[in-house]
Amino acid sequence: MESSDFKPETGCLSIIVLGASGDLAKKKTFPALFHLHRQGFLESDVLHIFGYARSKMSDNEMRDRLRGYLTPCQGCEVLREEDVSKFMELIKYVSGSYDAEEGFLLLDKEISAVEDSTEGSSRRLFYFALPPSVYPPVCKMIKSFCMSKSDKGGWTRIVVEKPFGRDLDSAEALSTQIGELFDESQIYRIDHYLGKELVQNLLVLRFANRLFLPLWNHENISNVQIVFKEDFGTEGRGGYFNQYGIIRDILQNHLLQVLCLVAMEKPVSLKPEHIRDAKVKVLQSILPINDEEVVIGQYEGYKDDPTVPKDSNTPTFATMVLRIHNERWEGVPFILKAGKSLNSKKAEIRVQFKDVPGDIFKSKKLGRNEFVIRLQPSEAIYLKLTVKEPGLEMKTALSELDLSYRQRYQDVVIPEAYERLILDTIRGDQQHFVRRDELKVAWEIFTPYLHKIDKNEVHSVPYKPGSRGPVEADKLAEKVGYVQTHGYVWIPPTLAKVSK
Ligand SMILES: NC(=O)C1=CN([C@@H]2O[C@H](COP(=O)(O)OP(=O)(O)OC[C@H]3O[C@@H](n4cnc5c(N)ncnc54)[C@H](OP(=O)(O)O)[C@@H]3O)[C@@H](O)[C@H]2O)C=CC1
Ligand SMILES: O=C1O[C@H](COP(=O)(O)O)[C@@H](O)[C@H](O)[C@H]1O
């Protein structure tokens, strides 16, 4: 956890972005590498970046493609040409297919050439910005031709993106294929939500504050909502999205990972294996999903995308109640909600407490205590609570303890999730990556319901773009115990009147 735990390694660092011509590479991977380099986390004298893909192009053509996607680092006003040029100089491009040895032999030759001219060990990080269908052949090629040279010391690591399978069987088959070639310590399954600042804060909030320890259980908490909303549709990704749907895209990975951190027991230590053990344990305690506690929806107009079949049942919205069968959480619904083309864009965790027993202030009518962790946008942590309204009357009002990051940490740059996670892969810290057994349980939870969707046994309810999603979803949340607060008004501190 402390940066002093990190011992820098020396030697050549080669970062190989496989699928370099694709969307993820240009939108996320290369910009993250650029920011890390610009901020001095990746040193130019040992760093070499290789793009690898099937398209034929020169180094310069590759660089030109990326240029438009590089943005100023947070905290920098403008993109400095000097920074861009320094970064571009580090990039080389190798073209080849994903299942034939020529390309990988050439790639190895290029990497070896730069390693031979650098003192120290050989560190090779392969970033799979690729469709999962080619993971197995690519792993075979790397294993056969591109491993770090043992005589130099160092390591070979692979970073794999979701979707990691479509269901339990396909994910397990993929894990087995990759597991035969690479050790678990070499595999980094990325879930970029684990790199978000407020997700990383969850363990600190929960376990470094005495305040929450006695409250964090079914005695005090009525329900927990973990919400992801986007105010745009699948624009241009309909063909891809339709094969997966919102449950595979968001709930099975991002929201479930957040749930783990909210619900898990205190890990033995902050060692990655201890944290991941605690996550697996809570996942194993999740009960099978009850069809009555699910609402799936599809926004109207989704099927207008020519790449989406006219009879698609793929959900673009889902509310699912997960129940954790253990001493801490018995009876507390964890309401996972995610949707595209909704009325707002946000991701948050909302922990709603039970009503006060023996309430003498009639505070129930104002609303319950809620502890909200807004992951994005405008990161914030706030606690909604009942207070006496200032004045001569004994009147109560709903107010908040508010930790808005923009206010509190004005000069602090919050790193992008991908930057943080890529840095972790280089440092060899697997804490924020998904372990194989975690992934397996995650699929076990969702697969039965996903198969029902695939077989059209359950149906997506239509909803209007720009709405809150199907009304049935709000009804479900209410049915399982969520009580909506009415009349709470938050006054952003910057707009508050300053007393004279
Ligand atoms: N530091 C900060 O930035 C702070 C900001 N605020 C702001 O104050 C405002 C109010 O805060 P808060 O009460 O926490 O948040 P909201 O009023 O946005 O939402 C509260 C809850 O009510 C749900 N909800 C909203 N409309 C309906 C509906 N018609 N039926 C059922 N459920 C509904 C929301 O669901 P859903 O999420 O699905 O919309 C959410 O779970 C927000 O804009 C918030 O961002 C407050 C405190 C601090
Ligand atoms: O993984 C995914 O996440 C994005 C949303 O990421 P965020 O960091 O902007 O919240 C989502 O749009 C995409 O569908 C999904 O594949």
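All ligand and atom numbering here is 1-based and tracks the order in the structure. Computed from a prediction, not measured in an experiment: that's the story for all the values here.
- The side-chain tip of K196 points at the ring of Y193 from less than 6.0 angstrom away and within 45° of straight on.
- For atom 22 (O) of ligand 1, the nearest non-hydrogen atom of the protein is Y482 OH, 2.8 Å.
- Ligand 2 is approached by Y193 to a heavy-atom distance shorter than 4.0 Å.
- Atom numbering of ligand 1 starts at 1 in the shown order; those under 4.0 Å from a heavy atom of K337 are 36 (P), 38 (O).
- Remark: among candidates E348, K346, K229, the nearest residue to atom 37 (O) of ligand 1 is K346, based on non-hydrogen atoms.
- Looking at I373 and Y382, their side chains never come closer than 4.5 Å, going by heavy atoms from C-beta outward.
- For the pair K340 and Y299, the NZ or CZ position fails the cation-pi test of under 6.0 Å to the six-membered ring centre and within 45 degrees of the ring normal.
- The shell of residues lying under 4.0 angstrom from ligand 1, judged by heavy atoms, includes D474.
- The protein atom (non-hydrogen) at minimum distance from atom 45 (O) of ligand 1 is R374 NH1, 2.8 Å.
- Under 3.5 Å, the side chains of R166 and Q243 contain no donor-acceptor pair of N or O atoms.
- Taking the six-membered ring where tryptophan is involved, the planes of F87 and H37 are tilted, since the angle between them lies from 30° to 60°.
- For atom 40 (C) of ligand 1, the nearest protein heavy atom (residue, atom name, distance) is R350 NE, 3.5 Å.
- Checking atom 17 (O) of ligand 1 against the protein gives no heavy-atom contact under 4.0 Å.
- The N/O atoms of R237, backbone and side chain alike, include one that comes under 3.5 Å of an N/O atom in ligand 2.
- Here the side chains of F126 and Y188 are not in contact, with every heavy-atom distance at 4.5 Å or above.
- Looking at I414 and E379, their side chains come closer than 4.5 Å, going by heavy atoms from C-beta outward.
- Closest to atom 8 (O) of ligand 2 by heavy atom, among R248, K196, E416, Q376, is K196.
- Inspection of the D23 and Y69 side chains reveals no N or O donor paired with an N or O acceptor under 3.5 Å.
- Under a 4.0 Å N-O distance rule, the pair K162/D249 qualifies as a salt bridge.
- Taking distance alone, with nitrogen or oxygen atoms compared against 3.5 Å, S378 stays at or beyond that limit from ligand 1.
- Exactly one of I324, N326, V441 qualifies for a side chain to side chain contact (heavy atoms under 4.5 Å, CB included) with Q284. That residue is V441.
- Using a 4.0 Å cut-off to heavy atoms of S404, the atoms of ligand 1 that qualify are 1 (N), 2 (C), 3 (O).
- Among residues at least two apart or in separate chains, side chain to side chain donor-acceptor pair (under 3.5 Å) pairs with a member in residues 468-482 are R468-D474.
- Contacts with ligand 2 closer than 4.0 Å are made by no heavy atom of F241, backbone or side chain.
- For atom 42 (C) of ligand 1, the nearest protein heavy atom is 4.0 Å or more away.
- In terms of protein heavy-atom proximity, atom 11 (C) of ligand 2 is closest to E230 OE2, 3.4 Å.
- Closest to atom 3 (O) of ligand 2, if we only count protein heavy atoms, is H192 CE1, 3.4 Å.
- Side-chain atoms of F371 and I221, non-hydrogen and from C-beta on, never get closer than 4.5 Å to each other.
- Among the atoms of Y488, none of the N or O lies under 3.5 angstrom from an N or O of ligand 1.
- Salt-bridge check for D437 with R435: passed, with a basic side-chain N closer than 4.0 Å to an acidic carboxylate O.
- In the vicinity of A380, heavy-atom distances shorter than 4.0 Å reach the ligand 1 atoms 1 (N), 2 (C), 3 (O).
- The closest protein non-hydrogen atom to atom 31 (C) of ligand 1 is Q484 OE1, 3.4 Å.
- Between F361 and T386, every side-chain heavy-atom pair lies at or beyond the 4.5 Å cut-off.
- Close approach to K384 involves these atoms of ligand 1, each under 4.0 Å from a residue heavy atom: 12 (P), 13 (O), 14 (O).
- Among protein heavy atoms, the minimum distance from atom 14 (O) of ligand 1 is reached at Y382 OH, 2.7 Å.
- For the pair R323 and F334, the NZ or CZ position fails the cation-pi test of under 6.0 Å to the six-membered ring centre and within 45 degrees of the ring normal.
- At the top of the distance list for atom 16 (O) of ligand 2, counting protein heavy atoms only, stands D249 OD1, 2.6 Å.
- Ring geometry for H192 versus Y418: interplanar angle under 30°, hence parallel rather than tilted (30 to 60°).
- Using a 4.0 Å cut-off to heavy atoms of K162, the atoms of ligand 2 that qualify are 1 (O), 2 (C), 15 (C), 16 (O).
- In the candidate list Q407, K475, R468, R468 is nearest to atom 28 (C) of ligand 1, counting heavy atoms.
- Among protein heavy atoms, atom 9 (C) of ligand 1 sits closest to W490 CB, 4.3 Å.
- Protein heavy atom nearest atom 1 (O) of ligand 2, with residue, atom name and distance: H254 NE2, 2.7 Å.
- Heavy-atom proximity to K340, at under 4.0 Å, picks out these atoms of ligand 2: 11 (C), 12 (O), 13 (C), 14 (O).
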